[in-house]
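Hydrogens, waters and symmetry mates play no part in the numbers below; they use all other heavy atoms, side chains included.
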Amino acid sequence: VKLLNVSMLFYSFFKTLIGQEVVVELKNDLAIRGTLHSVDQYLNVKLLNVSIVEPDKFPHMQSVKHCFVRGSVIRYVQLPKASIDVELLQDATRKEAAQQRAAK
């Protein structure tokens, strides 16, 4: 149940970033910059207008313009600083922590 709540928190947050440019770093060290088009409850993401951050390391990926990335292979998502509502995230984190304490 805890993992589901955290996952839904991230899902809700990423939904607010649709249309923003993000960098998705995969577990195989490939970093893809693109516009976040969609995200689902499994944190799979679809990116449009993609470019590879280090094209010399992954030359075979340079022709890719749009991609779908499975959530389980994502290591990090770099977000635009202006898009982050720190107070909203802190509030959501406090609520989650309070719910976990109440459940014990």
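- Hydrophobic cluster membership for Leu48: none, as no Ile, Leu, Val, Met, Phe, Trp or Tyr side chain comes under 4.5 Å of it.
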Going through the distances and angles, do Ile74 and Val45 end up as a side chain to side chain contact (heavy atoms under 4.5 Å, CB included)?
CA-CA 9 Å; Ile74 296 173; Val45 297; 4.0 Å; yes
May I have the step-by-step check of side chain to side chain contact (heavy atoms under 4.5 Å, CB included) for Phe10 and Val77, ending in yes or no?
CA-CA 11 Å; Phe10 280 111; Val77 178; over 6 Å; no
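- Among residues at least two apart or in separate chains, salt bridge (charged side-chain N to carboxylate O under 4.0 Å, His left out) pairs with a member in residues 43-56 are Glu54-Lys57.
- Between Phe58 and Ile32, the closest side-chain pair of non-hydrogen atoms is not below 4.5 Å.
- Of all heavy-atom pairs between Val22 and Pro80, the closest is CG1-CD, 4.2 Å.
- There is no path of hydrophobic side-chain contacts, each under 4.5 Å, that joins Val53 to Val73.
- Listed by first then second residue, pairs satisfying salt bridge (charged side-chain N to carboxylate O under 4.0 Å, His left out) with a partner in residues 23-44 read Glu21-Arg33, Glu25-Arg75, Asp29-Arg75, not counting sequence neighbours.
- Qualifying side chain to side chain donor-acceptor pair (under 3.5 Å) partners for Gln20, counting only residues two or more places apart in sequence or in other chains: Ser83.
- Hydrophobic clustering (side-chain heavy atoms under 4.5 Å, transitive across Ile, Leu, Val, Met, Phe, Trp, Tyr) keeps Tyr76 apart from Ile52.
- Interatomic distance, Leu43 CG to Tyr11 OH, rounded to the nearest 0.5 Å: 9.5 Å.
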When you look at Leu47 and Thr35, which way does the side chain to side chain contact (heavy atoms under 4.5 Å, CB included) test go after all the steps?
CA-CA 5 Å; Leu47 299 174; Thr35 304; over 6 Å; no
Go through Phe13 and Val39 one step at a time and tell me if the side chain to side chain contact (heavy atoms under 4.5 Å, CB included) criterion holds.
CA-CA 10 Å; Phe13 177 67; Val39 61; over 6 Å; no
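- Within a 6.0 Å sphere centred on CD of Glu87, other residues, nucleotides and ligands contribute 12 heavy atoms or fewer.
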Would you list the atom pairs, donor with acceptor, under 3.5 Å between side chains in residues 60-71 and any protein atom, with sequence neighbours excluded?
unit_1	atom_1	unit_2	atom_2	d
Gln62	NE2	Pro55	O	3.3
His66	ND1	Asn49	N	3.4
Arg70	NE	Ser72	OG	2.8

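- Taken together through direct or relayed side-chain contacts under 4.5 Å among Ile, Leu, Val, Met, Phe, Trp and Tyr, Ile18 and Val23 form parts of separate hydrophobic clusters.
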